[in-house]
Amino acid sequence: MAKQIKQIDIQLTTQKKEKPQQDKLGFGVHFSDHMFIMNYAADKGWHEPRIVPYQPIVLDPAAKVFHYGQTIFEGLKAFKTSDGRVLLFRPERNFARLNRSNERLGIPAIDEELALEALKALIAVDQDWIPTEAGYSLYIRPFVIATQPALGVDASTHYQFIIILSPVGNYYPEGVNPVKIYVENQYVRAVRGGIGAAKTAGNYAASLKAQETAKEKGYSQVLWLDGVHQKYIEEVGSMNVFFKINGTVYTPALSGSILDGITRSSIIQLLRHWGIPVEESVISIEDLFAAAKNGELEEAFGTGTAAVISPIGELNWQDEQVRINGGVTGEISGKLYDTLTGIQRGIIPDPFDWMIEVEI
Ligand code: COI
């Protein structure tokens, strides 16, 4: 470990930015003073890991990322406890998933231990950027881009791996209040065998048009159905989804076209720890609406790094609306939010050893 840290060259900025006011952070609009960057060349492998002042990157207009979307990303968070400790939530899972996304996109694997050491070193340098209040955190965005300037459709010979840090508040303007979700009927996000399970830009680009239309209709996000039958529930794009029906919590099984969410798997673990039955299964939109109409759908919520736990108060499918739990936050959703954020902020015990302390 120590040997790897020494490989990382650190160049500190001479011009620190003014920090934004915590209650005005929003999501992903402010960035810290430094970033981590490492290059890949086919003949050298990953090399030159370094921390440098946050700055624009210069790329050739022919860089493959611009033309063929060969790029992947991750999202995770750091928290500062009231006694000044810095905690990361399950970062090793993010770097393992980053390499699964790399694999799918034909990008060479990154040394996961080095990536974690680089992140810890970057956080230590920019520790003043970690918000301290409840509801705020330091969002971490690692990503890889294909940089080879060439228009042939094949995997790039050159890449950059970059980590940037952004102090954030809530992802949704609704905060932890229930969001309204529009079930998308026309477009699909992904199909099995495609790239839906990878955290890659194309999945998000494919969602933007439907997202705009949903927003115009007064909905925060789109719920995607499967790409073949447009019948089975997949995910919300920025969140995995859960439904409590007659006392059992259901979430779509990992089908190959939805994201293997780290918050998703943590929530399944928490619910089972509490003795609440959880099933990862195929859920049809017809069955969900039938359950909502006959009063069996007790709660619905989304999970994600950015969104944490986001209760769903209303669903619209084919212009039919159902309200869930009277449009207010359900008991399980509220308890999950309080428990997860409590563990993350170090204010309640962490029975699963999810949190990793960063030495600063
Ligand atoms: C995350 O929760 O980290 C995400 O990736 C969702 C979104 C902001 C793209």
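Just so you know, these numbers use all the heavy atoms, side chains as well, and skip hydrogens, waters and symmetry mates. One-based numbering, in listed order, for ligands and for the atoms of each.
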- Query: What pairs with D33 under side chain to side chain donor-acceptor pair (under 3.5 Å), at least two apart in sequence or on another chain?
  - Reply: W129

Result block: side-chain N/O donor-acceptor pairs under 3.5 angstrom for residues 353-360, not counting sequence neighbours:
none

For ligand 1, find each of its N or O atoms that sits under 3.5 Å from a protein N or O atom, and tabulate the pairs with distances to one decimal place.
from, atom 1, to, atom 2, distance (Å)
ligand 1, 2 (O), T305, N, 3.3
ligand 1, 2 (O), A306, N, 2.8
ligand 1, 3 (O), Y139, OH, 2.6
ligand 1, 5 (O), K199, NZ, 2.5

- Pairs involving residues 325-338, ordered by first then second residue, that meet salt bridge (Lys or Arg N to Asp or Glu O under 4.0 Å) (sequence neighbours left out): none

- Query: What is the ring orientation for F31 with Y54, classed by angle as parallel under 30°, tilted 30 to 60°, or perpendicular over 60°?
  - Reply: parallel

- So among L336, L271, I267, I268, which one has a side chain to side chain contact (heavy atoms under 4.5 Å, CB included) with V249? L271

- Consider only side-chain N and O atoms of H47 and N39, and report whether a donor and an acceptor are under 3.5 Å apart. no

